[in-house]
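Structure record follows, encoded as structure tokens.
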Number of protein chains: 2
Amino acid sequence: MSASSPTSALSADDLAALEAVLKALASERRLQILEWLKDPAAHFPPQEHGDPELHGACNLFIVEKLGVSQPAGSRHLKVLVEAGLVIPTRRKSWIYYRRDEAAIARIPELLRSI
Amino acid sequence: MSASSPTSALSADDLAALEAVLKALASERRLQILEWLKDPAAHFPPQEHGDPELHGACNLFIVEKLGVSQPAGSRHLKVLVEAGLVIPTRRKSWIYYRRDEAAIARIPELLRSI
DNA sequence: AAGGGACTTAACGACTATGTTATGTCGCCA
DNA sequence: TGGCGACATAACATAGTCGTTAAGTCCCTT
């Protein structure tokens with residue numbers, strides 16, 4: 001995305017890329033996940049393997065806290081991963097998710113050009 | 001929305017409100033409209049009534065430039081209005097739309113708390 | 001007041017999103 | 001190595017989005 005100067009015109013490609021990120025974000029469930037992942041240790045049970053600080057929260061914990069079925073929860077996480085907003089870490093037979101703070105921090109900047 | 005301090009926790013209400021704005025924005029067509037409305041005079045034909053600078057662009061012009069049917073275009077505009085991102089002005093039998101710059105400027109700030 | 005132009009509403013179809021349950025796959029551990 | 005636990009995939013139902021065409025409403029002009 002060519003977004004750097006605040007008031008520049010946005011190309012069609014810029015708009016499409018923006019739409020993709022916004023679609024991933026435009027879900028209360030997924031916003032909630034991002035919110036929880038700000039502090040995994042505070043929002044999820046202690047994990048035996050996978051440091052909450054380092055690797056984030058386990059798939060199952062997130063799904064359970066969301067209160068939806070396991071496939072539904074996993075799909076939300078997949079959307080966030082594919083949008084580049086969270087980073088998955090496989091460890092043993094679990095998958096941990098943590099925020100990609102750099103990518104998330106870029107979003108307000110992108111929005112400044114709309 | 002209680003968003004003011006950058007790293008504060010977001011309430012469920014905050015998340016729902018954010019979702020609403022993001023859903024309105026998560027459309028290439030609507031992003032394109034906002035882009036055009038940055039400079040109506042540059043993107044739309046001259047209008048007899050309704051100053052482009054003051055009142056924005058006419059519904060019909062926007063719809064035509066979008067390249068969709070008139071009801072489809074009007075619905076996109078309605079979404080933007082209901083999200084508080086553009087302001088409609090009725091004049092004669094036309095409706096002009098302009099950006100609500102204050103509301104739009106608030107969005108990146110809101111996104112800083114996710 | 002009749003007609004036309006601008007927009008809205010209604011009704012429909014296609015596609016996407018989000019949820020479900022059932023079933024697969026696959027790594028770990030006993 | 002047999003089985004369980006964690007996650008993925010499949011198949012399906014429902015709801016929302018976005019497009020269409022056809023009517024409806026309503027103001028303006030003549």
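Just the heavy atoms: all of them, side chains too, but no hydrogens, waters or symmetry mates, feed the values below. So you know, we letter chains A, B, ... as the sequences are listed, proteins then strands, and number each from 1.
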> Hey, is the side chain of A:Lys92 poking within less than 4.0 Å of OP1 or OP2 on C:dC29, counting only N and O atoms?
Replying inline: yes

> Looking only at heavy atoms, which two atoms of A:Asp14 and A:Ala9 are closest? And how far apart?
Replying inline: OD2-O, 4.4 Å

>> Go through it in stages, so that I can follow the logic: the residues are B:Ile95 and B:Leu77, the test is side chain to side chain contact (heavy atoms under 4.5 Å, CB included), and I'd like the CA-CA distance, side-chain angles, deciding distance and then a yes or no.
In response: CA-CA 11 Å; B:Ile95 306 183; B:Leu77 286 163; over 6 Å; no

> Taking all non-hydrogen atoms of both residues, which atom of B:Arg98 and which atom of B:Leu54 are closest, and how far apart?
Replying inline: CD-O, 3.0 Å

> Rounded to the Å, how far apart are B:Trp94 CH2 and C:dC7 P?
Replying inline: 9 Å

> A:Tyr96 has an atom OH; how far is it from atom C1' of C:dG27, in whole Å?
Replying inline: 13 Å

>> Can you pull out the residues from residues 55-68 of chain B that lie within a 4.0 Å heavy-atom distance of DNA chain C?
In response: B:Cys58, B:Asn59, B:Leu60

> In whole angstrom, what separates A:Ile33's CD1 from C:dT18's C1'?
Replying inline: 13 Å

> Taking C-beta and beyond as the side chain, do B:Phe44 and B:Leu37 meet within less than 4.5 Å on heavy atoms?
Replying inline: yes

>> Using the side-chain hydrogen bond (donor to acceptor under 3.5 Å, both in side chains) criterion, which residues pair with B:Arg99? Sequence neighbours excluded.
In response: B:Glu101

> Which nucleotide of DNA chain D is the first, and which the last, in the 5' to 3' direction, to come under 4.0 Å of a heavy atom belonging to chain A?
Replying inline: D:dA6 to D:dT9

Return a table of donor-acceptor pairs under 3.5 angstrom between the side chains of residues 20-35 of chain B and protein atoms on other chains or two or more places apart.
unit_1: B:Lys23; atom_1: NZ; unit_2: A:Ala26; atom_2: O; d: 3.0
unit_1: B:Ser27; atom_1: OG; unit_2: B:Arg29; atom_2: N; d: 3.4
unit_1: B:Ser27; atom_1: OG; unit_2: B:Arg30; atom_2: N; d: 3.2
unit_1: B:Arg30; atom_1: NE; unit_2: B:Ala24; atom_2: O; d: 2.7
unit_1: B:Arg30; atom_1: NH1; unit_2: B:His76; atom_2: ND1; d: 3.0
unit_1: B:Arg30; atom_1: NH2; unit_2: B:Lys23; atom_2: O; d: 3.2
unit_1: B:Glu35; atom_1: OE1; unit_2: B:Lys38; atom_2: NZ; d: 3.1
unit_1: B:Glu35; atom_1: OE2; unit_2: A:Leu10; atom_2: N; d: 2.9

> If every non-hydrogen atom of B:Val68 is compared with every non-hydrogen atom of B:Ala72, which pair is closest and at what distance?
Replying inline: CG2-CB, 3.9 Å

>> So if I take residues 69-85 of chain A and measure heavy-atom distances to DNA chain C, which residues fall below 4.0 Å?
In response: A:Ser69, A:Pro71, A:Ala72, A:Arg75, A:His76

>> Does B:Arg30 reach a base, just sugar-phosphate, or nothing at all? Heavy atoms under 4.0 Å.
In response: sugar-phosphate

>> Please compare B:Lys23 and A:Tyr97 by the position of their nearest nucleotide in DNA chain D and report the one closer to 5'.
In response: A:Tyr97

> Which atom pair, heavy atoms only, marks the closest approach of B:Gly56 to B:Tyr96?
Replying inline: O-CD2, 3.8 Å

In residues 58-65 of chain A, what donor-acceptor pairs under 3.5 Å come from side-chain atoms, sequence neighbours left out?
unit_1: A:Asn59; atom_1: ND2; unit_2: A:Ser74; atom_2: OG; d: 3.2
unit_1: A:Lys65; atom_1: NZ; unit_2: A:His43; atom_2: O; d: 2.9

